[in-house]
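Below is one structure; the comments refer to it alone.
Numbers for residues simply follow the sequence, beginning at 1.
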Amino acid sequence: MTEPAPPDRILVLDGTSRAAVEAVQSLGKRGLEVHVAARSDCPAFRSRWATRTLIQPSTSDSQRFIRWLRTLPDEYALVIPATGYSLHHLARLDESDPLREALVLPAPEALHTALDKARTLDRAIRLGISVPSSSLRTRRDAAENGPLPRVLKPTCSVLEGSHDLTEVFPTLVRDAEQRKEALERLLQQCPVLEQELVPGIGIGVECLYARGQMVWHFAHERVHEGTGGGLGSGSFYRKSIPAPPELLQAARALLDDLGWHGVAMVEFKYHRASGKFWLMEINPRLWGSVALAIDAGVDFPYGLFCIATDADPGPQPIYKQPYYTRLIPSDLDWIARQIRRSGVSRGLELFSFLRLLIGRESWDHFAWTDPGPLLKSSVEYLRQKRSVLQSRRQARADAQAALRQHAWKVPQLRAHGSTSRILFVCTGNICRSALAAALCRKHYPSLKVESAGFIPREGRRSPDNVQAAARARGASLAEHRSRTLSEAMLRESDVIVLFEPRNFVELRRAFPEYVDKIVMLGALLHPPRASINDPYQRSAAETEHVAAQVEAALAELALLLGVAPGSAAAEPVRRAGVPSPDWSPGR
């Protein structure tokens with residue numbers, strides 16, 4: 001009697017990722033033997049279908065990673081790299097390497113084009129596919145090109161560090177100073193694409209290819225995004241849609257030209273009002289929201305298995321439209337943030353959960369027959385929330401300590417006042433402290449004023465939004481350059497003005513002998529507050545609000561010191577009845 005053949009084995013790499021969990025559940029449900037590799041314990045390890053778990057090495061050495069993969073004791077029909085980390089290593093394989101068959105990877109040239117955003121855009125332009133206006137930056141002194149805001153996008157998402165791989169993300173810059181700083185930081189790691197910020201929604205066109213021929217496709221629209229702002233962040237809530245013909249045509253033209261093999265998500269921005277679209281990038285692996293495609297009816301992990309084993313994946317599936325999937329509990333966080341920002345009306349988002357009851361929605365990682373991954377991810381989420389709550393409690397304690405110090409200092413200022421030497425200190429000395437010092441010199445020239453910051457980077461200019469707020473008030477920050485706080489500055493000052501409890505904590509830790517000189521500028525407002533927000537990378541309206549607060553608080557500080565606006569010398573100007581707030585612990 002012939003013994004049955006052993007089941008086909010599959011290895012899913014990068015088990016900590018969302019795509020890995022979905023691949024394990026998809027393939028396990030079909031009776032396939034699935035092994036999972038990850039750097040540490042993760043939700044994918046908790047799946048009932050993870051028949052074996054492996055510790056994946058953490059390394060920036062591609063050869064070492066590939067040697068580990070080759071020496072595994074089991075043979076695999078399919079190996080799935082679920083993130084850019086493992087794909088970074090595997091892209092180094094020669095075209096003739098037999099591992100590529102199990103990995104279902106395109107030819108090296110095609111894969112490198114997809115992993116390099118600049119090469120992707122060049123290929124798209126050659127094919128007549130619209131892309132955002134872009135310039136490749138390789139030098140820090142590159143001239144500005146195009147209106148702001150702009151997106152600075154590293155050409156590669158995963159880079160090699162000294163001991164491990166690291167991931168770099170796009171940055172949205174709103175003024176020239178932010179652009180200069182972001183370029184300086186990003187160009188230390190790789191070349192950067194400077195792109196226009198195009199409008200529209202994020203749409204992904206996902207495809208399965210077999211040796212240059214499209215087999216399946218799927219399309220989704222992002223409903224709730226992570227960071228938003230045109231940065232291509234992942235989605236917490238998304239829906240299936242019919243593939244827009246022009247986007248599907250563009251995705252197909254690009255992948256056909258690359259002779260693609262395997263899976264890819266081609267990402268677009270689409271502006272419905274004008275019908276315009278722009279190619280953003282290619283994601284050449286399983287994507288984070290693959291749960292939507294699987295639950296709607298296009299099982300990409302199983303399609304990969306079919307191609308790896310030379311089986312027929314079948315015709316293009318007819319998938320459910322619209323169908324929604326949600327990343328729980330991250331999407332609840334997203335909704336809560338929207339309610340805090342925009343009011344209770346955004347609470348209507350909660351009614352979208354009713355789709356679950358009518359079979360039009362599912363949740364990432366959740367299956368009644370496999371609760372382990374969702375339970376594990378929920379426990380991790382609750383642990384993170386507990387850490388956040390502890391941080392908030394500590395922040396409240398720090399604020400109370402800063403305000404108690406302020407309340408202790410105010411009577412002394414009221415009693416002694418006059419020719420004080422004032423040192424304004426904030427985080428970086430380019431926004432709040434710089435603005436306060438400039439306004440103080442403008443309105444109260446009798447006071448001796450300096451400013452500094454905790455960040456040890458000197459010579460930085462104030463951002464354009466802060467300079468504009470200063471100009472609107474008759475002051476100038478054109479010549480200001482940041483300085484780092486020193487012990488000598490603190491020793492020579494009579495009053496140290498801070499802007500938030502974090503500044504208080506840093507100064508108390510580094511220079512405890514000068515705590516008795518501290519005043520919290522926000523506590524001089526009506527009503528008093530512990531913090532005046534940092535306007536760094538904020539809108540003009542937000543910056544104007546901060547500047548108005550700084551100006552109002554400076555007027556109260558001048559009253560405490562007995563200084564009249566525009567006076568050339570200190571004058572005993574007092575306003576009776578300025579209260580000293582009670583910041584006792586019981587309040």
Side-chain angles (χ1 to χ4, degrees), residues 9-17 19-20 23 35-39 54-123 136 138 153-169 186 188-193 209-212 254-255 257-266 281-287 301 304 307-308:
R9 293 190 184 92
I10 297 160
L11 175 61
V12 178
L13 300 171
D14 312 308
T16 53
S17 69
H35 296 183
V36 187
R39 299 182 180 190
L54 306 167
I55 298 302
Q56 184 172 318
S58 173
T59 176
S60 63
D61 186 337
S62 294
Q63 293 306 314
R64 181 181 168 192
F65 181 88
I66 293 170
R67 281 197 303 271
W68 166 80
L69 192 57
R70 292 190 198 280
T71 55
L72 292 177
D74 295 296
E75 292 186 5
Y76 296 102
L78 171 65
V79 179
I80 297 178
T83 73
Y85 288 101
S86 58
L87 194 60
H88 173 87
H89 296 310
L90 299 170
R92 309 291 180 87
L93 292 170
D94 292 335
E95 187 162 10
S96 59
D97 195 304
L99 260 180
R100 296 188 75 91
E101 288 299 313
L103 288 159
V104 195
L105 293 179
E109 174 63 21
L111 184 54
H112 287 304
T113 297
L115 290 172
D116 187 317
K117 296 176 179 62
R119 293 175 64 175
T120 299
L121 295 191
D122 286 344
R123 183 68 66 105
L136 184 62
T138 57
K153 184 181 292 185
T155 55
C156 298
S157 298
V158 176
L159 301 171
E160 294 181 1
S162 55
H163 302 292
D164 201 355
L165 299 178
T166 183
E167 194 168 6
V168 288
F169 300 94
L186 294 172
Q188 293 176 6
Q189 303 174 82
C190 68
V192 174
L193 278 171
Y209 266 70
R211 296 173 180 83
L254 184 57
L255 295 177
D257 188 64
L258 292 169
W260 200 255
H261 184 62
V263 294
M265 177 170 70
V266 186
E281 58 186 66
I282 301 174
N283 188 345
R285 54 174 174 79
L286 289 180
W287 44 97
L304 279 175
I307 292 175

For [X], what residues pass the side chain to side chain contact (heavy atoms under 4.5 Å, CB included) criterion, not counting sequence neighbours?
X: R119; value: E109, H112, T113, D116
X: I55; value: none
X: A37; value: L11, L13, L54, Q56, W68

Where [X] and [Y] come nearest, the two heavy atoms and their spacing:
X: L136; Y: A118; value: CD1-CB, 4.1 Å
X: W287; Y: V263; value: CZ3-CB, 4.1 Å
X: A107; Y: E95; value: CB-OE2, 3.7 Å
X: P154; Y: V168; value: CB-CG2, 3.7 Å
X: H89; Y: S62; value: ND1-OG, 3.0 Å
X: G15; Y: V36; value: CA-CG1, 3.9 Å

Heavy-atom side-chain contact between [X] and [Y] under 4.5 Å:
X: P108; Y: R100; result: yes
X: V158; Y: L87; result: no
X: L258; Y: P106; result: no

- prompt: Yes or no on side chain to side chain contact (heavy atoms under 4.5 Å, CB included) for S157 and K117, after CA distance, side-chain angles and deciding distance?
  reply: CA-CA 9 Å; S157 298; K117 296 176 179 62; 2.6 Å; yes
First locate atom [atom1] of [X], then atom [atom2] of [Y], and finally report the distance between them rounded to the nearest 0.5 Å.
X: D257; Y: R123; atom1: CG; atom2: CZ; value: 5.0 Å
X: N283; Y: L115; atom1: CG; atom2: CG; value: 9.0 Å
X: L304; Y: L286; atom1: CG; atom2: CG; value: 5.5 Å
X: Q189; Y: C156; atom1: CD; atom2: SG; value: 11.0 Å

- prompt: Within a reach of under 6.0 Å around CZ of R39, are more than 12 heavy atoms found that belong to other residues, nucleotides or ligands?
  reply: yes
Contact list for residues 78-94, test salt bridge (charged side-chain N to carboxylate O under 4.0 Å, His left out), sequence neighbours left out: R92-E160
message: H261: which residues meet the ring-ring contact (aromatic ring centres under 6.0 Å, His included) condition with it, sequence neighbours left out?
response: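 Per chain and number, H261 pairs via ring-ring contact (aromatic ring centres under 6.0 Å, His included) with no residue.
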Which atom pairs, one a donor and one an acceptor, fall under 3.5 Å between side chains of residues 72-81 and the rest of the protein, sequence neighbours left out?
{"from": "D74", "atom 1": "OD2", "to": "R52", "atom 2": "NH1", "distance (Å)": "2.4"}
{"from": "Y76", "atom 1": "OH", "to": "H35", "atom 2": "ND1", "distance (Å)": "2.8"}

task: Apply side chain to side chain contact (heavy atoms under 4.5 Å, CB included) to the pair Y209 and I307, showing each step before the final yes or no.
output: CA-CA 9 Å; Y209 266 70; I307 292 175; over 6 Å; no
- prompt: Should F65 and L90 be marked as a side chain to side chain contact (heavy atoms under 4.5 Å, CB included) after you check the CA-CA gap, both sets of side-chain angles, and the distance that decides it?
  reply: CA-CA 9 Å; F65 181 88; L90 299 170; 4.2 Å; yes
- request: Using a strict 4.0 Å threshold on nitrogen-to-oxygen distance, state whether D14 and R285 make a salt bridge.
  value: no
